[in-house]
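Take a look at the structure set out below.
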Amino acid sequence: MTAAQPGGVTVRLPSVLADLASGRRRLDVVPSPTTVGGLLDVLSLDYPVLVRRVRDESDAVRRFVNVYVDGEDIRHLDGLATPVRAGSDVQILPSVAGG
């Protein structure tokens with residue numbers, strides 16, 4: 001994987017969500033927002049349908065979506081207030097159910 005652009009954050013998406021981001025599985029967000037919530041706000045400008053799949057009506061991350069910053073689940077950190085820094089790697093993954 002290529003590193004994020006200087007001053008930016010890399011957002012990685014699985015193919016099921018990439019379809020909502022013009023087919024892109026990697027988004028470089030420059031300049032870097034300071035929190036996950038800020039990052040989603042920036043993404044909503046270009047990819048509103050993607051962000052609606054990530055956030056619910058109250059702007060919380062949907063139960064079935066997992067967001068990781070540098071490999072750490074934001075649910076175990078500060079949620080949407082989790083800091084992101086230049087060079088951070090953010091991965092957004094919908095939960096998979098099966099049996």
Side-chain angles (χ1 to χ4, degrees):
M1 181 181 89
T2 309
Q5 292 182 14
V9 173
T10 297
V11 178
R12 292 186 293 136
L13 304 169
S15 58
V16 67
L17 292 179
D19 292 342
L20 304 175
S22 303
R24 298 176 61 198
R25 294 193 62 182
R26 175 193 159 126
L27 305 171
D28 290 315
V29 180
V30 179
S32 173
T34 58
T35 65
V36 172
L39 175 65
L40 293 175
D41 291 342
V42 170
L43 288 176
S44 71
L45 299 174
D46 290 325
Y47 307 107
V49 176
L50 168 66
V51 174
R52 282 196 300 268
R53 287 280 300 270
V54 175
R55 283 181 157 170
D56 64 17
E57 298 75 25
S58 67
D59 283 339
V61 174
R62 294 183 185 277
R63 279 184 341 143
F64 60 86
V65 176
N66 300 305
V67 180
Y68 301 89
V69 174
D70 297 325
E72 296 289 327
D73 189 335
I74 67 166
R75 287 187 174 102
H76 302 296
L77 300 171
D78 293 322
L80 290 171
T82 299
V84 291
R85 295 172 181 79
S88 287
D89 181 68
V90 177
Q91 189 170 23
I92 301 173
L93 295 170
S95 297
V96 177

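All figures in this text were calculated on a predicted structure; none of them were measured in a lab.
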By side-chain hydrogen bond (donor to acceptor under 3.5 Å, both in side chains), R25 pairs with (sequence neighbours left out) none
Qualifying residues under side-chain hydrogen bond (donor to acceptor under 3.5 Å, both in side chains), relative to Y68, sequence neighbours excluded
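Y68 satisfies side-chain hydrogen bond (donor to acceptor under 3.5 Å, both in side chains) with no residue once adjacent residues are dropped.
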Using 0.5 Å steps for rounding, measure from the [atom1] atom of [X] to the [atom2] atom of [Y].
| X | Y | atom1 | atom2 | value |
| --- | --- | --- | --- | --- |
| L77 | D70 | CG | CG | 10.0 Å |
| D28 | T10 | CG | OG1 | 4.5 Å |
| L13 | L43 | CG | CG | 8.0 Å |

Can you name the nearest heavy-atom pair linking [X] to [Y], along with the distance?
| X | Y | answer |
| --- | --- | --- |
| V42 | P33 | CG2-CG, 4.2 Å |
| S22 | Y47 | OG-CE2, 3.9 Å |
| L17 | P94 | CD1-CD, 3.8 Å |

Do any pairs count as a salt bridge (charged side-chain N to carboxylate O under 4.0 Å, His left out) and have a residue in residues 38-56, sequence neighbours left out, and if so which ones?
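Sorted pair list: D41-R55.
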Less than 4.5 Å apart, any side-chain heavy atom of V51 and any of P48?
no
Any residue meeting side chain to side chain contact (heavy atoms under 4.5 Å, CB included) with D19, in chain and number order, not counting sequence neighbours:
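Result, side chain to side chain contact (heavy atoms under 4.5 Å, CB included) vs D19: none returned.
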For S95 and F64, indicate whether the former's side chain and the latter's backbone hold a donor-acceptor pair under 3.5 Å.
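Indeed, once roles are kept as given, a pair shorter than 3.5 Å links the two residues.
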Would you mind telling me which of I74, V11, L93, L80 makes a side-chain contact (heavy atoms from CB on, under 4.5 Å) with V67?
I74
With sequence neighbours left out, which residue pairs that include part of residues 72-83 fulfil the side chain to side chain donor-acceptor pair (under 3.5 Å) condition?
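Applying side chain to side chain donor-acceptor pair (under 3.5 Å) to every pair that reaches into residues 72-83, excluding sequence neighbours, yields N66-R75.
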